[in-house]
Novice: 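If you scroll down you'll find the structure; I have some questions about it.
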Amino acid sequence: QVQLVESGGGMVQAGGSLRLSCAASGRISRYDMAWFRQGPGKEREFVARILWNTITQYADSVKGRFTISRDNAKNTANLQMNSLKPEDTAIYYCAAGNSGFVGVRPHEYDNWGQGTQVTVSS
């Protein structure tokens, strides 16, 4: 398995952008990578994932605004967030799971980062 560390969170006004990065301690080429988020008083929810073959999937709430990417050579996954809304405020978590065995449910993933805070003001 791998350890994951998120970075890039911060405070931004509605309509602004942030780019989150997830650095892994080892190779991620055989993993599906995903981003989840957890707002205040809420459960973790799926945001986006990118499979080993670069196929992507997004939650309806972020589709068209967020873009997930990966760089296997650098063992990183990224989440570009544009047109941010106050409801995007949450702790964002990076997750990794064995390709073909994980989807959009948090419990399916074995590898998690500590999270990075994103706060969108209005």
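Numbering of residues begins at 1 and proceeds along the displayed sequence.
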Novice: Is Leu84 reachable from Ile68 through a run of I, L, V, M, F, W or Y residues, each pair having side-chain heavy atoms under 4.5 Å apart?
Specialist: yes
Novice: Shortest non-hydrogen contact from Pro86 to Ala14?
Specialist: CD-CB, 4.1 Å
Novice: How about Asn82 and Gln80: does a side-chain donor come under 3.5 Å of a side-chain acceptor?
Specialist: yes
Novice: Between Thr119 and Met11, is there a donor-acceptor pair closer than 3.5 Å when you use the side chain of the first and the backbone of the second?
Specialist: no
Novice: Can you check whether Val118 reaches Leu20 side chain to side chain, under 4.5 Å on heavy atoms?
Specialist: yes
Novice: For the pair Arg105 (side chain) and Phe46 (backbone), establish whether a donor and an acceptor sit closer than 3.5 Å, ignoring hydrogens and angles.
Specialist: no
Novice: Contact between Tyr31 and Ser99 at the side-chain level, heavy atoms closer than 4.5 Å - yes or no?
Specialist: no
Novice: Do Asn98 and Tyr109 make a side-chain contact, defined as non-hydrogen atoms from C-beta onward lying under 4.5 Å apart?
Specialist: no
Novice: List in chain and number order the residues that pass ring pair (Phe, Tyr, Trp, His ring centres under 6.0 Å) with Tyr58, two or more places apart in sequence or in another chain; answer none if no residue qualifies.
Specialist: none
Novice: Can you give me the closest heavy-atom contact between Gly8 and Leu18, atom names plus distance?
Specialist: O-CD2, 3.9 Å
Novice: Just grab all the salt bridge (Lys or Arg N to Asp or Glu O under 4.0 Å) pairs involving residues 66-85, residues at least two apart or on different chains.
Specialist: none
Novice: Considering non-hydrogen atoms only, spot the tightest contact between Trp35 and Cys22 and give its length.
Specialist: CZ2-CB, 3.7 Å
Novice: Answer with yes or no whether the hydrophobic clustering places Ile28 together with Ile50; edges join I, L, V, M, F, W, Y residues whose side-chain heavy atoms lie under 4.5 Å apart.
Specialist: yes
Novice: Would Val104 and Gln57 count as a side-chain contact (heavy atoms from CB on, under 4.5 Å) if you check the C-alpha gap in whole Å, the side-chain angles of each, and the deciding distance to 0.1 Å?
Specialist: CA-CA 9 Å; Val104 301; Gln57 180 182 359; 3.7 Å; yes
Novice: Between the main-chain N or O of Ile91 and the side-chain N or O of Arg37, is there a donor-acceptor pair closer than 3.5 Å?
Specialist: no
Novice: Backbone N or O of Gln3 within a donor-acceptor pair of the Ser25 side chain at under 3.5 Å?
Specialist: yes
Novice: Please say whether more than 12 non-hydrogen atoms of neighbouring residues, nucleotides or ligands are located less than 6.0 Å from CZ in Arg19.
Specialist: yes
Novice: With no hydrogens and no angle check, do the side chains of Gln38 and Arg44 hold a donor and an acceptor under 3.5 Å apart?
Specialist: no
Novice: Would you check if Leu79 and Val47 make a side-chain contact, meaning some heavy-atom pair closer than 4.5 Å?
Specialist: yes
Novice: Val2, Tyr92: one ILVMFWY side-chain cluster at the under-4.5 Å cut-off?
Specialist: yes
Novice: Please name the pair of heavy atoms, one in Arg65 and one in Ser61, separated by the smallest distance, quoted to 0.1 Å.
Specialist: NH2-O, 2.8 Å
Novice: Check Gln117 against Ala90 and note the closest heavy-atom contact, atom names and distance.
Specialist: NE2-O, 3.3 Å
Novice: Would you mind listing every side chain to side chain donor-acceptor pair (under 3.5 Å) that reaches into residues 4-14, with sequence neighbours excluded?
Specialist: none
Novice: Checking the side chain of Asn75 only, and the main-chain atoms of Ala24 only, is there a donor and an acceptor separated by less than 3.5 Å?
Specialist: no
Novice: Can you give me the closest heavy-atom contact between Gly103 and Arg49, atom names plus distance?
Specialist: CA-NH1, 3.4 Å
Novice: Flag the pair Ser122 / Glu87 as yes when at least one side-chain heavy-atom distance between them is below 4.5 Å, and no otherwise.
Specialist: no
Novice: Mind checking whether Asn72 and Arg27 have side chains closer than 4.5 Å, heavy atoms only?
Specialist: no
Novice: Are Asp88 and Met81 side-chain neighbours, meaning at least one heavy-atom pair lies under 4.5 Å?
Specialist: no
Novice: Say you draw a straight line from CG of Asn78 to CE of Met33; how long is it, rounded to the nearest 0.5 Å?
Specialist: 9.5 Å
Novice: For the residue pair Trp112 and Tyr93, categorise the inter-ring angle as parallel (less than 30°), tilted (30 to 60°) or perpendicular (more than 60°).
Specialist: perpendicular
Novice: Hey, is CD on Glu45 packed in by over 12 heavy atoms from elsewhere, all under 6.0 Å?
Specialist: yes
Novice: Tell me whether Arg30 forms a cation-pi arrangement with Trp52, defined as NZ or CZ under 6.0 Å from the six-membered ring centre and within 45 degrees of its axis.
Specialist: yes
Novice: Just verifying a value: how many Å separate Thr76 OG1 and Leu4 CG, rounded to the nearest 0.5 Å?
Specialist: 11.0 Å
